[in-house]
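Numbered from 1 within each chain, the chains take letters A, B, ... in sequence-line order.
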2 protein chains.
Amino acid sequence: MEEAKLTLLLDDRSGLPIYTQIVNQIQSQLVNGILKPGDQLPTVRAMAQELRVNFNTVARAYRILDEERIISTQQGRGTFITEIPPPEVSVRLRYESLSALTQRFINEAFRLGFSEREVSQMVRDNLKSMKEAIITDSE
Amino acid sequence: MEEAKLTLLLDDRSGLPIYTQIVNQIQSQLVNGILKPGDQLPTVRAMAQELRVNFNTVARAYRILDEERIISTQQGRGTFITEIPPPEVSVRLRYESLSALTQRFINEAFRLGFSEREVSQMVRDNLKSMKEAIITDSE
DNA sequence: CTTTTATTGTACTAATTGTATCATTGTAAC
DNA sequence: GTTACAATGATACAATTAGTACAATAAAAG
């Protein structure tokens, strides 16, 4: 949950653009557990200097990862790893991921003084209105 | 009517700037009665140290809350929760507070590819096991 | 009571971060 | 060779946070 050292290796012979290599390597480091949710990535400029590339190239990689919801970039603050991506992860990991997310949510709600009834009611209402919104959108 | 301990939790994954997180949480704690009218908030420097952020970040949050008339900041004295807001405002704020928290949770869960069924099931399970834990603790 | 000191929030500026836009470069297709 | 396009670089910008000096109030010292 801290800032990662994050050593990436660029390969000129790979034929892949730099930003793609950065995307791939961050993805694999996440899958391998080298990067974990909450970790802060190096700033675009720091990583750019490390890799001797323009910081916009790193920014491009970060933007792609952000669009894939793998990281969360925040102007003025930095970039952070979000949750485990859904793809091919095992059923167990998937379950644990949702469980952790739910526990954080419920703990927060309780900490703020909301009751069990209020929480479950609000979840129901939100899910319901979200479903209706989807139906409306597709008309 | 005394100074609050006021434990706030910052979350890097939330995507929200620190000052916004502080604003949201103080609002929530107010509408849930954790903070009461007249309560003194920690000084900007004390809270900053607690959260390991710059005190100007806390000051920014306090300034926003001050503009919303939720708190009253007084140079040289401190910051205090203002006197009773109209009850219907309080109720509305309370609802909106939980609604916003819930929406963030559900959006995140959907983003991770979980279905509506999975989400509501997980919420039920978590609430249930939490209730049992409380019962067990009190034996 | 007056003066001094400490504590508190404020104002302004600087530094750090990601973003947006356009220019340059290189490569492939024609 | 020209053109088209993708990748990268340069520059300016915006958002957030940090640093510094200051003003108002309270508390302490005398």
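For A:T43, the side-chain atoms get nearest to C:dT17 when compared with the rest of C:dT17, D:dT25, C:dG9. Closest to the side chain of A:T79, out of D:dT17, C:dG18, D:dT11, is C:dG18. Nearest nucleotide to the A:Q75 side chain, out of D:dT16, D:dA14, D:dA23: D:dA14.
A:F55 comes within 4.0 angstrom of a base, heavy atoms only.
For the pair A:R45 and A:T57, both in contact range of DNA chain D, the more 5′-proximal nearest nucleotide belongs to A:T57.
Residue A:I22 contributes atom CD1, which lies 13 Å from atom P of D:dA7 at whole-angstrom precision. Here the P atom of nucleotide C:dG18 and the CD1 atom of A:I64 are 16 Å apart, to the nearest Å. For the pair A:Q40 CD and D:dT17 C1', the computed distance is 12 Å after rounding to whole Å. Rounded to whole Å, the distance from CG on B:D66 to P on C:dT8 is 18 Å. Look at CD1 on B:I18: it is 4 Å from P on D:dT17, rounded to the nearest Å. With rounding to whole Å, A:Y19 atom OH is found 15 Å from C:dT25 atom C1'. When the P atom of C:dG9 is taken as reference, atom CE of B:M47 falls 10 Å away, rounded to whole Å. Put simply, CG on B:L16 is 17 Å from C1' on C:dT17, counting in whole angstrom units.
Regarding contacts with the backbone of D:dG19, a side-chain N or O of B:N54 is found under 4.0 angstrom from either OP1 or OP2. The phosphate of D:dA7 (OP1 or OP2) has a side-chain N or O of A:R60 nearer than 4.0 angstrom. Here A:R77 reaches the OP1 or OP2 of D:dT17: one of its side-chain N or O atoms lies under 4.0 Å away.
Not a single donor-acceptor contact under 3.5 angstrom links the side-chain atoms of A:N56 to the base of D:dA7.
Closest approach of A:L30 and A:L35 over heavy atoms only: CD1-O, 3.3 Å.
When each of A:L10, A:L8, A:L9 is checked for a side chain to side chain contact (heavy atoms under 4.5 Å, CB included) with A:Q21, only A:L10 meets the rule.
Salt bridge annotation for B:R104-B:E108: absent, with no cationic side-chain nitrogen under 4.0 angstrom from a carboxylate oxygen.
At distances below 3.5 Å, not a single donor-acceptor pair connects side-chain atoms of B:T79 with backbone N or O atoms of B:S72.
Side-chain contact annotation: A:T102 with B:N126, donor-acceptor N/O pair under 3.5 Å absent.
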